[in-house]
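See structure below.
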Amino acid sequence: MVETYKRKTPLANLGLEKVSPSEQKIGKSLLMTEIPYIAKVNLRGDPAKKIFLKGVKAALNIQLPKIPNTVSGKFSEVQAIWLGPDEWLLTGRSGAEAKLLKNLQKQTENMHVAITDITDSRTIMQLSGGPALSIIMKGCTLDLHPNVFKPGQCAQTILAKTNVIIHLLKFDKKIGPTLHIYVQNSFAEHLWLWLIDAAPT
Amino acid sequence: MLVIECPWCGPRSEEEFTNGGEAHIKRPSKPSALSDEEWADYVFMRKNTKGIFLERWSHSSGCRRWFNAARNTITNEIAAIYHINEKPPKEIS
């Protein structure tokens, strides 16, 4: 775990913290913000074993999603993103990773599981506004049509040659889609600048 | 670019996948009992099928799971996709 006072977001050298959220508007209707330091834990275990699911439910208070590429829970509290048939990405509030790990380890003791703290491996970019999905379409082969890619769904894919997890949180008729992009730290700056470049002015 | 249907994630672009070569090659149960020729056969020799070919794929930029596919090497059509621990569908084999 990183000492929190030494913590630096991978986008720190872009000076984003000095920009107020309203100024981060790109073009007319796209709002792009980084959500750094969100707790992230990678969980692996066999969902066919009821005792495992029960233990995780007791530790997190949410059910793990069994349907591929879906998300359960709330981003503001605890959230579980489907990564594979036996793999999930759990997220929690900033600084909650130690508690998440402890709870999970306690509830899955002596089980065949892997619990890994990956808080500082990725950062999250939040895109909201009408053009958010059409910008992503410029660098991604995924079918993002609203009939196919619906709120609550996630996908691991390639965006601008970078491996990302895309999670569509909601689709507001007035504001448009709100989505989270989980990107590895070393690709974060590239992706941020690519998104700005791809956004309509 | 092919569209390959991952058994977990559904149809995705070929660039998300990694080809793993011929499927259903069993590791010899007694490797030490093999002659050099037999071992080389296991390690290196692969079929070069014209037509339906059973091969492994990994959804490396997605869910990172391995699966099997029956691909026609002439037309690139994918005739069947099945899980890694399954046998090829009867209509193909």
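So that the names make sense, note that chain A is the first sequence line, chain B the second, and so on, each numbered from 1. Excluded from the calculations below are hydrogen atoms, water molecules and symmetry mates; all remaining heavy atoms, backbone and side chain alike, are included.
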For chain B, which of A:T157, A:N163, A:I165, A:I67 has the most heavy-atom pairs under 4.5 Å?
A:T157
Verify the neighbour count for atom CG of B:N48: are there more than 12 heavy atoms of other residues, nucleotides or ligands below 6.0 Å?
no
What are the two closest heavy atoms between B:E16 and A:T141, and how far apart are they?
OE2-OG1, 4.0 Å
To the nearest 0.5 Å, atom CG of A:L142 lies from atom OG of B:S13 at 10.0 Å
Flag if over 12 foreign heavy atoms under 6.0 Å of NZ, A:K161
no
Heavy-atom pairs under 4.5 Å with chain B are the metric here; pick the option from A:G84, A:P85, A:A155 that has the most.
A:P85
B:D36, CG: over 12 other non-hydrogen atoms inside 6.0 angstrom:
no
Chain A contact residues among residues 56-71 of chain B, heavy-atom distance under 4.5 Å:
B:S61, B:G62, B:C63, B:R64, B:R65
Other residues, nucleotides, ligands: >12 heavy atoms within 6.0 Å of A:I51 CD1
no
Is the number of heavy atoms from other residues, nucleotides or ligands within 6.0 Å of CE (A:M111) greater than 12?
yes
Could you give the distance from CZ (B:R12) to CD1 (A:I158), rounded to the nearest 0.5 Å?
10.0 Å
Closest non-hydrogen atoms of B:W8 and A:P68, given as atom of the first, atom of the second and distance, are O-CB, 3.2 Å
